[in-house]
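The structure displayed is predicted, hence computed values, not measured ones. In what follows, every heavy atom counts, from backbone to side chain, and hydrogens, waters and symmetry copies are set aside.
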Amino acid sequence: MSSVKIECVLPENCRCGESPVWEEASNSLLFVDIPAKKVCRWDSLSKGVQQVTVAVSSVALRQSGGYVATIGTKFCALNWEDQSVAVLATVDKDKKNNRFNDGKVDPAGRYFAANRRSVYKLEKEEQIPDGMCIDAEGKLWVACYNGGRVIRLDPETGKRLQTVKLPVDKTTSCCFGGKDYSEMYVTCARDGMDVEKLLQQPQAGGIFKITGLGVKGIPPYPYAG
């Protein structure tokens with residue numbers, strides 16, 4: 001196995017970065033910062049970052065072009081060019097304080113989102129399992145919130161196959177991207193950290209790239225609507 005390399009490619013200082021997704025057409029990484037109410041797009045070639053201000057919790061690609069996002073309790077189409085949002089569907093209209101927490105597109109092109117998530121116990125030191133992705137071998141990668149790591153699991157046996165530690169505690173989610181999907185991108189958070197912790201972890205809230213994992217990912221599924 002090649003040597004694993006970890007680098008902070010974007011010191012974004014996200015309060016809570018989430019929902020990373022690779023857009024192959026633009027060589028860009030999309031992600032959201034939930035408390036800061038923004039969707040960001042980082043160009044891996046120019047290293048520039050664009051953003052749209054909206055109270056978002058997840059973002060995904062759309063087959064017909066543009067993106068889809070969960071905003072409050074709405075599924076929305078997001079036009080990056082004019083920064084407009086169009087509501088596609090609304091749920092839980094009677095629950096004013098409710099909102100989607102996360103969302104992903106399945107292989108059939110359906111956009112799934114949840115208002116609350118179940119927390120499954122892995123191992124004591126792993127802390128809270130958060131965002132996940134699947135590699136080309138069908139194995140599951142999980143970012144462990146407050147655990148400062150991503151771990152690779154066999155979804156059939158539950159066995160842990162690999163652990164990659166990062167220089168930040170609050171790892172939130174992960175996805176594959178880059179050329180041939182051989183790179184992993186990891187989001188993290190800095191909300192809830194005191195001054196001392198932030199001094200110890202100056203890259204908290206940044207976007208990390210991991211290479212040399214010895215396995216590739218698969219392209220993200222786009223929303224078919």
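In this structure, the side chains of Val105 and Pro220 stay at 4.5 Å or more apart for every pair of heavy atoms. In this structure, the side chains of Ile207 and Trp42 stay at 4.5 Å or more apart for every pair of heavy atoms.
No donor-acceptor pair under 3.5 Å is formed between the side chain of Arg149 and the backbone N or O of Thr163. In this structure a side-chain-to-backbone donor-acceptor pair under 3.5 Å is missing from Arg110 to Ala108. In this structure, the side chain of Thr73 engages the main chain of Val91 through a donor-acceptor pair within 3.5 Å. The backbone N or O of Cys16 lies less than 3.5 Å from a partner atom in the side chain of Asp33, making a donor-acceptor pair. Of the possible polar contacts, none joining the Arg190 side chain to the Cys14 backbone as a donor-acceptor pair under 3.5 Å is found.
In this structure Lys197 satisfies the salt bridge (Lys or Arg N to Asp or Glu O under 4.0 Å) test together with Asp169, sequence neighbours excluded. With sequence neighbours excluded, the residues forming a side chain to side chain contact (heavy atoms under 4.5 Å, CB included) with Cys133 are Trp141, Cys174, Phe176, Met184, listed by chain and number. With sequence neighbours excluded, the residues satisfying side chain to side chain donor-acceptor pair (under 3.5 Å) with Ser84 are Asp82. Under the salt bridge (Lys or Arg N to Asp or Glu O under 4.0 Å) criterion, Glu24 pairs with no residue at all, not counting sequence neighbours. For Asp191, the salt bridge (Lys or Arg N to Asp or Glu O under 4.0 Å) partners at least two apart in sequence or on another chain are Arg15. Checked against side chain to side chain contact (heavy atoms under 4.5 Å, CB included), Gln51 has the following partners two or more places apart in sequence or in another chain: Glu12, Lys38, Cys40, Thr53. Residues meeting the side chain to side chain contact (heavy atoms under 4.5 Å, CB included) test with Thr157, sequence neighbours left out: Asp154, Lys159. Residues satisfying the side chain to side chain contact (heavy atoms under 4.5 Å, CB included) test with Val87, not counting sequence neighbours, are Lys74, Cys76, Thr90. Taking Ser44 as the reference, nothing meets the side chain to side chain donor-acceptor pair (under 3.5 Å) condition, with sequence neighbours excluded.
Residue pairs meeting the ring pair (Phe, Tyr, Trp, His ring centres under 6.0 Å) criterion with at least one partner in residues 45-77, sequence neighbours excluded, are Tyr67-Trp80, Phe75-Phe100, Phe75-Tyr111. Residue pairs meeting the salt bridge (charged side-chain N to carboxylate O under 4.0 Å, His left out) criterion with at least one member in residues 132-146, sequence neighbours excluded, are Asp135-Arg152, Glu137-Arg152.
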Assess the residue pair Thr187 and Thr172 against the criterion (side-chain hydrogen bond (donor to acceptor under 3.5 Å, both in side chains)); give the C-alpha distance rounded to whole Å, side-chain angles, the decisive distance to 0.1 Å, and a yes or no. CA-CA 6 Å; Thr187 52; Thr172 56; 2.8 Å; yes
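For the residue pair Ser58 / Thr70, a side-chain donor-acceptor distance below 3.5 Å is found, with atom types taken as modelled.
Exactly one of Val68, Val39, Leu30 qualifies for a side-chain contact (heavy atoms from CB on, under 4.5 Å) with Leu78. That residue is Val39.
In the hydrophobic clustering, Leu199 connects to Val195, either directly or through intervening members, whenever side-chain heavy atoms lie under 4.5 Å apart.
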